[in-house]
Number of protein chains: 2
Amino acid sequence: MVSVPITRFSSLGALKETSPKTVATTRQRLSPEVRERQIVDGAIAFFAEVGLSGQTRELALRLSVTQPLIYRYFPTKQDLIDRVYEEVFVGRWRAEWSDLISNRERSLRERLIEFYRIYARDVLTYDWIRIYMFAGLAGEDINRRYISLLEDQLLVPIVREVRAAARAPKPSEVPVKGLEIEAAWHIHAAIFYYFVRKHIYHAKTEPDLDAFIEDAVDRTLDGALAVTARAFPET
Amino acid sequence: MVSVPITRFSSLGALKETSPKTVATTRQRLSPEVRERQIVDGAIAFFAEVGLSGQTRELALRLSVTQPLIYRYFPTKQDLIDRVYEEVFVGRWRAEWSDLISNRERSLRERLIEFYRIYARDVLTYDWIRIYMFAGLAGEDINRRYISLLEDQLLVPIVREVRAAARAPKPSEVPVKGLEIEAAWHIHAAIFYYFVRKHIYHAKTEPDLDAFIEDAVDRTLDGALAVTARAFPET
DNA sequence: ACTGTTATTTATCGTTTGATAAATGATACC
DNA sequence: GGTATCATTTATCAAACGATAAATAACAGT
């Protein structure tokens with residue numbers, strides 16, 4: 001009931017050294033570009049932590065900004081969420097990763113290990129995996145679109161390489177079965193689930209990430225090769 | 001503003017045939033046990049679908065009941081959520097599943113296939129996997145407790161059996177490494193992730209579940225055996 | 001058939017929350 | 001240094017939402 005005057009201060013350090021005469025307990029006027037960037041970044045971290053039903057007031061509090069200011073930059077909360085989706089999901093996939101998988105100058109094992117090291121570092125972050133899961137549970141089609149991308153750009157190439165490594169016929173000769181795609185998913189699932197346990201369940205995980213990825217690729221690739229070789233006994 | 005009288009009717013068919021003289025557009029008085037059961041079941045389905053931030057009013061609507069009635073059975077919404085957790089998570093794990101894994105009268109492959117067929121049917125349902133993920137994202141410790149249970153009752157036994165099948169030393173002789181537990185997680189992840197794709201992302205998945213499970217066990221177990229055998233070359 | 005019990009509903013409260021309008025003040029420009 | 005611009009804040013609204021109190025009616029027991 002009693003409106004307590006909240007002492008605000010910049011929690012972001014010096015974003016822009018504008019006449020630091022006083023210790024900025026006063027209002028801070030930033031350029032729209034900088035402020036928008038700050039709101040989007042804050043929203044990503046905030047929604048990743050508490051979910052997309054997090055309140056704009058609490059987000060504003062974390063940004064050390066008043067809640068209506070957010071509405072100057074984003075007309076509705078949904079607009080902000082859409083921007084977060086765009087920011088987090090669009091453009092994280094690198095086209096060159098398909099080439100990395102398909103480059104037969106190195107062993108498939110090495111290629112997969114290198115790919116998943118990069119993918120773990122650049123994609124499977126705390127923010128990404130949580131927002132991805134929140135979006136999935138909310139029924140957004142972003143997940144399905146991303147899965148389509150993965151199948152085209154990652155899983156199908158992996159199946160092709162597994163076939164080649166197992167000296168099995170090319171996909172152009174013998175069509176890819178659904179279970180072979182699922183097998184490629186197994187490799188992916190091993191890595192993905194590790195980060196689900198880490199970032200969503202906050203469970204204990206193997207601390208040596210490089211060793212884990214190497215081991216995960218070894219085991220799941222061995223299995224995929226063995227079953228594929230068994231399915232195509234003749235060369 | 002205008003309070004529209006909502007025409008209610010029993011959407012549950014005949015729960016209890018109490019003098020079906022009229023077609024029950026009137027208020028239905030159930031025994032507390034039956035009503036509570038109905039609310040809990042409805043809450044499980046409702047929260048699984050829309051998340052734990054779903055509104056009690058909408059839940060009541062789905063139950064064809066008024067919102068305050070829920071509060072007669074559960075003092076707060078959190079109490080209802082806790083009850084949902086208890087109902088969904090507690091007691092779904094069967095103690096005999098550990099024995100199933102450890103029973104060497106059959107091949108490990110067969111045991112794992114049978115276990116995961118049962119586990120998929122009894123545990124990895126739409127309701128369970130979604131509420132489990134919602135709870136994880138909300139930071140509930142239920143997930144961590146469940147993971148501890150899984151490690152003790154499932155993963156450690158699997159590692160023991162993999163060691164035996166690969167003619168490697170027993171865990172009592174050579175301690176289990178973190179990566180071996182992770183390898184057991186790979187098997188689990190393959191199955192689990194299939195249902196995440198199905199129930200959370202609503203993505204297309206292999207329609208033949210039995211075939212999928214058999215194949216998944218084949219591939220991931222092959223990999224686990226190969227790496228374990230490689231790690232212990234001598235018998 | 002009458003009556004007491006209590007399951008259920010109607011009405012409503014107080015807070016939360018997304019969103020808007022008006023007031024304020026920091027900065028750029030002359 | 002004065003002034004216009006507009007980024008930011010203060011004040012507030014309306015709907016949503018959890019929760020409570022009082023009224024109503026279904027059923028059991030006599």
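Residue numbering restarts at 1 for every chain, and letters A, B, ... go by the order of the sequence lines.
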Nearest-angstrom distance from the residue atom [atom1] of [X] to [atom2] of [N]:
X     : N      : atom1 : atom2 : answer
B:E36 : C:dT6  : CD    : P     : 16 Å
A:L63 : D:dT8  : CG    : P     : 11 Å
B:F74 : C:dA7  : CZ    : P     : 14 Å
A:L69 : C:dA19 : CG    : C1'   : 14 Å
B:I81 : D:dA19 : CD1   : P     : 9 Å
A:Q78 : C:dA19 : CD    : C1'   : 15 Å
B:R57 : C:dT12 : CZ    : P     : 14 Å
B:K77 : D:dA16 : NZ    : P     : 15 Å

The correct set of residues in residues 45-54 of chain B placing a heavy atom under 4.0 Å from DNA chain D is B:G54
I'd like a table of atom pairs between the protein and nucleotides 1-6 of chain D - only N or O on both sides, under 3.5 Å - with the distance next to each one.
unit_1 : atom_1 : unit_2 : atom_2 : d
D:dC6  : O4'    : A:R29  : NH2    : 3.4
D:dC6  : O2     : A:R29  : NH1    : 3.0
D:dC6  : O2     : A:R29  : NH2    : 3.2

Residues at least two apart in sequence or cross-chain that pass side-chain hydrogen bond (donor to acceptor under 3.5 Å, both in side chains) with B:Q78, listed by chain then number, are B:D82
Show me the protein contacts with nucleotides 20-24 of chain D, counting only N or O atoms at under 3.5 Å.
unit_1 : atom_1 : unit_2 : atom_2 : d
D:dT24 : O2     : B:R27  : NH1    : 2.8

For A:L52 and A:I81, the nearest pair of non-hydrogen atoms, with its separation, is O-CD1, 3.8 Å
Nearest heavy-atom approach of A:A60 to A:T66 is CB-C, 3.7 Å
Residues pairing under salt bridge (charged side-chain N to carboxylate O under 4.0 Å, His left out) where one sits in residues 180-204 of chain B, two or more places apart or in two chains, turn out to be A:E182-B:R197, A:R197-B:E182, B:R163-B:E180
| message | Tell me if a side-chain donor or acceptor on B:R72 pairs with a main-chain N or O of B:P68 at a distance below 3.5 Å. | response | no
**Message:** Determine whether B:S102 and B:D99 satisfy the following criterion, side-chain hydrogen bond (donor to acceptor under 3.5 Å, both in side chains), listing intermediate values before the conclusion.
**Reply:** CA-CA 5 Å; B:S102 303; B:D99 305 331; 5.9 Å; no
Close side-chain approach of B:L100 and B:I118, heavy atoms under 4.5 Å: yes
Report task. State, without any angle test, whether A:Y193 and B:H188 hold a side-chain donor-acceptor pair at a distance under 3.5 Å. Result -> no
Sequence neighbours excluded, the answer for ring-ring contact (aromatic ring centres under 6.0 Å, His included) partners of B:Y201 is A:Y132
Would you say C:dT8 has OP1 or OP2 under 4.0 Å from some side-chain N or O of B:T66? no
With a cut-off of less than 4.0 Å, is there a side-chain N or O of B:Y73 near OP1 or OP2 of C:dA7?
no
Give the intermediate values and the outcome of side-chain contact (heavy atoms from CB on, under 4.5 Å) for residues B:V40 and B:Y73. CA-CA 10 Å; B:V40 171; B:Y73 291 87; over 6 Å; no
Using ring centroids (six-membered ring only for Trp), state whether A:W97 and A:Y116 fall under 6.0 Å. no
